[in-house]
Amino acid sequence: MDNRIFIFDTTLRDGEQVPGCQLNTIEKIQVAKMLEKLGVDVIEAGFPISSPGDFNSVIEISKAVTEPTICALTRAVKKDIDVAAESLKYAKRKRIHTGIGTSIYHIKYKLNSTPEEIIKRAVEAVSYAKKYVEDIEFYAEDAGRSDNVYLAQVIEAVIKAGATVVNIPDTTGYCLPYDYGEKIRFLKENVSNIDKAIISTHCHNDLGMATANSISGVVNGARQVEVTINGIGERAGNTSLEEIAMILQSHKDLNYYTNIKSKKIVKASRLVSTLMRMPVQPNKAIVGRNAFAHSSGIHQDGVLKNRENYEIIDPKEVGITESSIVLTARSGRAALKHRTKKLGFELSKDKIDKLYEDFLILADKKKDINDDDLLILLHEERRRNKKMKLDLLQVVCGKGLKATATVKIMINDTEHLESATGNGPIDAAFTAVKNIIKRKIKLEEFLIQAITRGSDDIGKVHIQIQRKGRMYYGFSANTDIITASVEAFIDAIANSLNGNL
Ligand code: KIV
Ligand code: ZN
């Protein structure tokens with residue numbers, strides 16, 4: 001049997017049913033294009049009969065993406081199928097997804113029908129849809145709680161009527177992985193024409209088993225898995241795409257493969273979370289903020305010695321490039337050294353020891369220490385020992401005035417004083433600094449940021465300069481952003497001179 005697993009994404013249909021997470025057509029197109037880049041095989045773009053908005057979205061998505069098959073959902077109702085076929089008219093590859101409930105709950109209490117009548121309606125719906133498109137997926141709603149012998153009869157009948165894919169949803173998320181897997185196996189072994197269709201899993205997460213059930217389905221013969229990005233969907237959600245993709249990619253022993261470009265996973269997750277205004281839980285597997293974060297000293301040390309000590313997936317494989325080492329009060333010197341090195345500082349053991357003392361004091365006050373906090377600590381430490389530092393700064397500026405700055409810099413304990421004018425206070429001060437330094441320097445990047453949002457906040461300034469074809473970096477933080485800017489500029493210059501003042 002072929003080991004290719006088809007990924008059917010229903011973020012824009014089952015995922016979008018979450019209250020408060022509705023997307024407009026433009027946002028849906030953005031998600032659909034992302035899904036195309038991610039490499040999904042099928043995009044379920046909507047339930048066209050449900051609203052003019054859904055109808056229109058299926059039309060527009062069909063025009064906007066060309067690689068994946070575009071699928072539209074219907075009930076086993078002719079009008080639904082007519083509208084779905086119309087909405088798919090621009091799709092290069094198209095599929096109608098029709099179906100009906102097959103559990104006793106659905107047959108008796110929802111549809112007020114009989115098992116025989118349901119088979120008849122299922123077959124009619126598939127045959128009717130077949131008039132429009134070749135590729136027909138049939139769903140047996142609540143298959144998870146349907147009797148296996150009856151389910152097999154329904155599936156055999158719809159395949160005979162032309163279904164190319166048969167979807168076995170665990171609509172209520174009730175199945176145990178073993179039972180769901182057995183259901184798939186039962187169908188493989190008892191539906192005489194099963195080789196003419198692909199079996200699909202569609203598992204909900206009400207008991208937290210959606211992913212486990214889907215994998216159990218695959219191991220027992222399913223070749224399509226229905227998923228959503230971040231596992232979003234009705235109630236506790238659907239099976240999450242990222243978990244299935246990474247399970248199949250990591251477990252080479254299972255010997256299955258998908259077309260998913262895993263490096264795009266985190267980007268897709270963030271896009272869906274932002275557009276749907278639905279934050280991802282921090283500990284969510286694969287895409288949660290903490291999924292690759294190591295905060296305890298022992299784990300950090302272990303990961304730094306060999307990533308595989310505590311990581312089963314290389315974060316780069318899912319598109320995470322930033323460091324997974326979170327600096328907290330529990331971090332050790334190894335993590336601190338690693339992070340400062342990444343920031344471009346090679347510190348001696350003594351310097352790391354000193355920095356570690358300052359770091360622990362700050363980490364006691366602040367939960368996470370980020371790169372900017374570290375730069376502030378490093379800057380403070382370096383400022384104490386600087387041979388070139390700002391000693392005085394005075395600026396005169398305002399509406400209708402030409403900005404003027406006077407700068408005094410101490411270089412090796414000698415005072416250097418200069419004044420200059422400019423098109424603003426920073427321009428004037430930088431010109432005064434350049435007049436003192438008398439070297440050819442080009443300002444490449446200049447970034448001012450506030451740490452929080454108050455007007456009394458500390459401003460952080462990052463500067464990059466170019467000297468003799470090389471880039472040098474400078475940083476400072478101060479409640480006075482003009483002082484911070486001049487200090488960062490001097491810091492970058494001092495770095496470029498490397499002691500040759
Ligand atoms: O959960 C479910 O049964 C469904 C079907 C409509 C496919 O979403
Ligand atoms: Zn569903």
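In each ligand, atom 1 is the first atom listed, and ligand 1 is the first ligand listed. We count residues from 1, following the sequence as given.
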Trainee: Can you find an N or O of His97 that's nearer than 3.5 Å to an N or O of ligand 1?
Mentor: no
Trainee: Which N/O/S atom belongs to His202 and is the closest one to the Zn ion (ligand 2)?
Mentor: NE2
Trainee: Taking atom types as modelled and ignoring hydrogens, do the side chains of Gln300 and Ser331 form a donor-acceptor contact shorter than 3.5 angstrom?
Mentor: yes
Trainee: Starting from atom 3 (O) of ligand 1, find the nearest protein heavy-atom neighbour and note its residue, name and distance.
Mentor: Thr171 OG1, 2.7 Å
Trainee: Checking only N/O/S atoms, does Glu234 have one that is under 2.8 Å from the Zn ion (ligand 2)?
Mentor: no
Trainee: Are any of the N or O atoms of Asp142 closer than 3.5 Å to those of ligand 1?
Mentor: no
Trainee: Inspect the surroundings of NZ in Lys130 and state if more than 12 heavy atoms from other residues, nucleotides or ligands are less than 6.0 Å away.
Mentor: yes
Trainee: Between Glu137 and Gln224, do the side chains contain a donor N or O and an acceptor N or O under 3.5 Å apart?
Mentor: yes
Trainee: Within rounding of 10°, what is the angle whose vertex is the Zn ion (ligand 2) and whose arms end at NE2 of His204 and OD2 of Asp14?
Mentor: 100°
Trainee: Residue-level breakdown please: for Asn167 versus ligand 1, do any non-hydrogen atoms fall below 4.0 Å on the side chain, on the backbone, on both, or on neither?
Mentor: side chain
Trainee: So, regarding His202 and ligand 1 (criterion: nitrogen or oxygen to nitrogen or oxygen, under 3.5 Å), is there a contact or not?
Mentor: yes
Trainee: On a heavy-atom basis, I'd like to know which of Glu234, Glu141, Arg13, His204 is closest to atom 8 (O) of ligand 1.
Mentor: Arg13
